[in-house]
Amino acid sequence: MFDLIVKGGTLPDGTVADIGIQGDKIAAIGSLGDAVAGEIIDASGDLVSPPFVDPHFHMDATLSYGLPRINASGTLLEGIGLWGELKQVMTQDEVIERALKYCDWAASMGLLAIRSHVDTCDDRLLGVEALLQVREQVKDYIDLQLVAFPQDGFYRDPTARENTIRALDMGVDVVGGIPHFERTMADGVASVTELCEIAAERGLQVDMHCDETDDPHSRHIETLACETQRLGLQGRVAGSHLTSMHSMDNYYVSKLLPLIAEAEINAIPNPLINIVLQGRHDTYPKRRGLTRVKEMLAMGINVGWGQDCVLDPWYSLGTGDMLDVAFMGLHVAQMTSPAEMRTCFDMVTENNAKTMGLEGYGLQVGANASLVVLDAGDPIEALRLRATRLCVVAKGRIVSRTPRADASLSISGRPATSRRRHG
């Protein structure tokens, strides 16, 4: 007797199988025949995937677009300035309300694990307190990791160092930084070193906003790789954005990529946001605003797409859909072969789960019973369609259902309905 059976679904590897769920764990995968369950979900012909994972987000700012005004230039720096203005007037209740609304969106999209940076350049630590409450409220359906993020610079802001340590003492999960925003390159290097040392002392992961700039001389990822090795943090460190790499000369990159690989650093490009924010000072040719994704993957580096922003001072769009993120990523990175598109699906599921260090993730017996039934036949079709999430199961419980999005047609001589699935 199972609590729930997802019957006849196609797994990402092409296997057709039933999934039996008992409590909050996957208890069986295979042909379950006439097994009895409290509820049966018919997934015949549909893709059943592990949940989507976003390793890079800013939940304290989400859904604040237009407050206190709109980012007229569309630049990263104006967005940071706008966020500084909003921090002065927002309330803890507003942050909680916006974050919980976003988590509703995420759950409906099958996005059940999120790593969110939270600004620590605020002596009140208002956002930290708010998102710690949100983490507790959503824990039964979303795994929310928080990153202590000194948005205005660990050294540049006079109280950021103290506040970042306070945030970690309050229970924030990951150590963050923004070395390219320090006053000097030297301060940026020093911030990477100290923040990695803090993480090593506390046994925490590291996730740096690293070289989110068009400046090819911004090379803090090199320092991050060095400190990761020195402190034995391999596998526990992520470099987010890494956009300066799109402007670096190929000879230097041929040295840099092996260093990143040796240090087992996870890379998190954010294609939706960086294609909007980067290259704003370019005429033509215009840079794409994306790091060297294909080259890093070829080096064996774990790379996963991040969402970064939804309706906030930096980005005026977004829905919480990681398939949108992967869809943009495969275009900008020109990853359009079948194998590359399939990799893009992994980059919003398995790869990102590895970056976050999620335990019990995946479709195997004994794993957490979290999965998504998609209106698609395989991962590539899911990307093409940004497929409807027909059913979302979080830790053994159905949390969202969405009907198929078939269109009704009134065209002489044609079928009564149209579905965009193919094959």
Side-chain angles (χ1 to χ4, degrees), residues 52-67 70-84 86 98-99 102 105-106 109 111 114-119 147 149 151 176-178 180-181 207-215 218 221 238-247 266-282 286-293 296 303-335 344 347-348 351-352 355 386:
F52 297 106
V53 179
D54 181 8
H56 189 100
F57 195 64
H58 292 267
M59 197 174 285
D60 50 355
T62 197
L63 307 188
S64 66
Y65 179 68
L67 301 174
I70 288 170
N71 185 338
S73 70
T75 62
L76 173 64
L77 292 181
E78 184 175 354
I80 291 174
L82 265 172
W83 171 241
L86 179 58
R98 289 190 283 103
Y102 181 78
W105 291 12
M109 292 290 186
L111 171 54
I114 302 170
R115 174 182 283 180
S116 174
H117 296 256
V118 55
D119 193 349
V147 183
F149 177 50
Q151 171 76 76
I178 186 167
H180 56 278
F181 198 63
D207 191 332
M208 295 269 178
H209 281 64
C210 207
D211 306 321
E212 187 185 7
T213 170
D214 294 334
D215 180 4
S218 184
I221 181 59
S240 293
H241 296 290
L242 304 175
T243 56
S244 66
M245 208 182 297
H246 70 174
S247 302
N266 303 286
I268 309 173
N270 298 283
L272 287 170
I273 312 309
N274 285 130
I275 199 169
V276 166
L277 295 178
Q278 308 309 130
R280 288 278 178 167
H281 298 288
D282 293 354
K286 263 187 179 293
R287 286 168 285 189
R288 291 174 175 268
L290 193 71
T291 192
R292 300 193 183 211
V293 174
M296 287 194 286
V303 186
W305 302 119
Q307 179 108 227
D308 200 4
C309 304
V310 168
L311 289 168
D312 68 10
W314 296 275
Y315 188 61
S316 54
L317 300 168
T319 63
D321 185 350
M322 293 305 294
L323 288 176
D324 271 349
V325 178
F327 186 77
M328 176 63 80
L330 76 84
H331 282 80
V332 182
Q334 298 180 328
M335 296 176 64
C344 283
M347 290 169 67
V348 290
N351 293 19
N352 283 343
T355 293
R386 273 83 78 219

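Values below: every heavy atom of this structure, side chains too, minus hydrogens, waters and symmetry copies. Given the structure is predicted, the values throughout are model-derived calculations rather than measurements.
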**Item:** Any side-chain donor near an acceptor of the partner, D214 and H246, under 3.5 Å
**Value:**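 H246 and D214 do have a side-chain donor-acceptor pair below 3.5 Å.
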
**Asked** Going by atom types only, do H241 and D211 share a side-chain donor-acceptor pair under 3.5 Å?
**Response**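 No, no side-chain donor-acceptor pair sits under 3.5 Å.
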
**Asked** Which residues pass the side chain to side chain contact (heavy atoms under 4.5 Å, CB included) test with S240, sequence neighbours left out?
**Response**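 H56, D207, I268.
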
**Asked** What pairs with D321 under side chain to side chain contact (heavy atoms under 4.5 Å, CB included), at least two apart in sequence or on another chain?
**Response**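 Here the qualifying residues are M109, T319, L323, D324, R386, R389.
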
Backbone of [Y] reached by a side-chain donor or acceptor of [X] within 3.5 Å:
| X | Y | result |
| --- | --- | --- |
| D312 | A61 | no |
| R98 | L63 | no |
| T291 | L242 | yes |
| S116 | M59 | yes |

**Request:** State, to 0.1 Å, how close D54 and G306 come at their nearest heavy-atom pair, and which atoms those are.
**Result:**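 In terms of heavy atoms, the two residues are closest at OD1-CA, 3.6 Å.
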
**Item:** Given F181, W314, F149, the one that forms ring pair (Phe, Tyr, Trp, His ring centres under 6.0 Å) with H209
**Value:**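 Looking at F181, W314, F149, the match for H209 under the ring pair (Phe, Tyr, Trp, His ring centres under 6.0 Å) is F149.
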
**Asked** Among all residues two or more places apart in sequence or in another chain, which pass the side chain to side chain donor-acceptor pair (under 3.5 Å) test with S247?
**Response**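 Scan of S247 (side chain to side chain donor-acceptor pair (under 3.5 Å), adjacent residues dropped) gives R287.
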
**side chain to side chain contact (heavy atoms under 4.5 Å, CB included) evaluation trace for Y102 with V310** = CA-CA 9 Å; Y102 181 78; V310 168; 3.8 Å; yes

